[in-house]
Q: 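My questions will all concern the structure given below.
Excluded from the calculations below are hydrogen atoms, water molecules and symmetry mates; all remaining heavy atoms, backbone and side chain alike, are included. Everything numeric here is computed off the predicted structure, so don't read it as measured data.
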Amino acid sequence: MKFLLATLFVLATISPAFAQKEQTMVFNENFEQAFPKLFKTVKATLEEKGCKIERDKYSEGEDGLFKGNIRSEFCVFAEGADSTMDRLERYSQRVPVIRAGEWTAGRIQYIIILKEKADNTVDMELKAEISGFENYVTHQVHFWPANGVLEQEFIATLKANIAKAKAE
């Protein structure tokens, strides 16, 4: 009896560690570029990646510094049942398990927050969310956190576009 109680106590204290939910990854960068130019470059980079802009706005605060945010629409990176699961696994922390499920589309949405600082630099915060359409069991779109691969690719492309703009 004591062994059973001890086993149940150990399982009760360990199980919350296994039940942790994936966390959205946040990428922070600092750019030495004027806010309006960076804002335009971020939008151009999203469009270069094939993402349309859902929302973009910025404003000037009382201190004369700008802050703004850009949210892309969902950008499709995989279509068709043959390769979608492989690409979802490559870009996701963990694809939801749906027994006998058939993933037919994979998408990502970028959320970018820009804040100008007093030293004439701009802080950028980047988050992304993956979604996929499951066509056989649930016939629904499911959402989960990205693993950072597409976000890092976006940041690399953004930095290349900034360097290209400075060279012109």
Side-chain angles (χ1 to χ4, degrees), residues 21-61 65-98 101-117 120-136 138-168:
K21 189 175 179 179
E22 294 85 16
Q23 296 293 319
T24 300
M25 297 180 76
V26 178
F27 293 86
N28 295 301
E29 293 286 329
N30 183 271
F31 296 98
E32 294 181 5
Q33 189 171 25
F35 183 93
K37 281 188 174 186
L38 181 62
F39 195 83
K40 288 179 186 177
T41 307
V42 169
K43 287 175 52 176
T45 303
L46 282 170
E47 290 171 1
E48 180 181 322
K49 291 278 188 188
C51 301
K52 295 183 188 244
I53 307 297
E54 178 181 296
R55 180 183 67 213
D56 66 319
K57 63 180 180 174
Y58 69 87
S59 61
E60 187 175 358
L65 301 175
F66 289 100
K67 61 182 178 179
N69 60 52
I70 302 168
R71 178 186 297 261
S72 74
E73 289 186 357
F74 284 96
C75 316
V76 176
F77 62 81
E79 282 186 290
D82 56 342
S83 63
T84 298
M85 185 61 176
D86 292 338
R87 298 198 70 199
L88 287 174
E89 287 175 339
R90 183 180 318 146
Y91 301 132
S92 304
Q93 288 183 27
R94 186 179 61 85
V95 178
V97 176
I98 298 174
E102 178 182 69
W103 296 97
T104 57
R107 309 177 306 172
I108 187 164
Q109 182 178 43
Y110 297 100
I111 301 157
I112 301 159
I113 300 169
L114 301 170
K115 293 180 184 173
E116 186 177 32
K117 295 173 59 178
N120 293 325
T121 62
V122 180
D123 284 338
M124 180 182 83
E125 181 180 292
L126 170 67
K127 296 183 254 184
E129 182 179 54
I130 299 280
S131 63
F133 182 75
E134 194 286 314
N135 192 40
Y136 186 70
T138 64
H139 303 287
Q140 292 180 345
V141 175
H142 300 269
F143 299 87
W144 60 91
N147 66 3
V149 173
L150 289 171
E151 295 95 310
Q152 290 174 343
E153 288 177 8
F154 176 82
I155 291 170
T157 305
L158 176 62
K159 287 180 177 180
N161 288 345
I162 290 170
K164 188 177 10 174
K166 283 183 180 179
E168 293 176 351

Q: Quick one: does any side-chain atom of N147 pair with a main-chain N or O of R90 as donor and acceptor, under 3.5 Å?
A: yes
Q: Within the structure provided, determine whether I70 and Y58 are in side-chain contact (heavy-atom separation under 4.5 Å).
A: no
Q: Please confirm whether the backbone N or O of G148 pairs with a side-chain atom of E151, one donor and one acceptor, at under 3.5 Å?
A: yes
Q: Please determine whether the number of non-hydrogen atoms from other residues, nucleotides or ligands lying under 6.0 Å from atom CD of E29 exceeds 12.
A: yes
Q: Atom SG in C51, atom CZ in F154: separation rounded to 0.5 Å?
A: 8.0 Å
Q: Is there any side chain to side chain donor-acceptor pair (under 3.5 Å) pair reaching into residues 36-50, and which pairs are they, with sequence neighbours excluded?
A: K43-D56, T45-N161, E48-N161, K49-T157
Q: Is the number of heavy atoms from other residues, nucleotides or ligands under 6.0 Å of Y136 OH greater than 12?
A: no
Q: Please list, chain by chain and in numerical order, all residues satisfying ring-ring contact (aromatic ring centres under 6.0 Å, His included) with F27, sequence neighbours excluded.
A: none
Q: Determine the minimum heavy-atom distance between C75 and G50, stating which atoms define it.
A: CB-O, 4.5 Å
Q: Please find the pair of heavy atoms, one from H142 and one from P96, that lie closest to each other, and give the distance.
A: CB-CG, 4.4 Å
Q: Taking salt bridge (Lys or Arg N to Asp or Glu O under 4.0 Å) as the test, write out the residues that go with E102, two or more places apart.
A: none
Q: Just verifying a value: how many Å separate I53 CD1 and I112 CD1, rounded to the nearest 0.5 Å?
A: 7.5 Å
Q: Is the CD atom of E32 crowded by more than 12 outside heavy atoms at less than 6.0 Å?
A: no
Q: Testing the basics here: between G68 and F35, what is the closest heavy-atom pair and its distance to 0.1 Å?
A: N-CZ, 3.7 Å
Q: Show me the side-chain donor-acceptor pairs of residues 121-133 shorter than 3.5 Å, one per line, residues at least two apart or across chains.
A:
from: T121; atom 1: OG1; to: N30; atom 2: ND2; distance (Å): 3.3
from: T121; atom 1: OG1; to: D119; atom 2: OD1; distance (Å): 2.6
from: D123; atom 1: OD1; to: N30; atom 2: ND2; distance (Å): 2.5
from: S131; atom 1: OG; to: R107; atom 2: NE; distance (Å): 3.0
from: S131; atom 1: OG; to: R107; atom 2: NH2; distance (Å): 3.2

Q: So R55 and N69, do their side chains get closer than 4.5 Å, heavy atoms only?
A: yes
Q: Quick check: do L158 and V42 have side-chain heavy atoms less than 4.5 Å from each other?
A: yes
Q: Can you name the side chain to side chain donor-acceptor pair (under 3.5 Å) partners of Q109, sequence neighbours left out?
A: E54
Q: Can you measure from CZ (F31) to CD (E116) and round to the nearest 0.5 angstrom?
A: 14.5 Å
Q: Mind listing the side-chain donor-acceptor pairs of residues 80-87 below 3.5 Å, one per line with the distance, residues two or more places apart or on another chain?
A:
from: T84; atom 1: OG1; to: G80; atom 2: O; distance (Å): 2.3
from: R87; atom 1: NH1; to: F77; atom 2: O; distance (Å): 2.3
from: R87; atom 1: NH2; to: F77; atom 2: O; distance (Å): 3.4

Q: Rounded at 0.5 Å granularity, tell me how far CG in L114 sits from CG in L38.
A: 5.5 Å
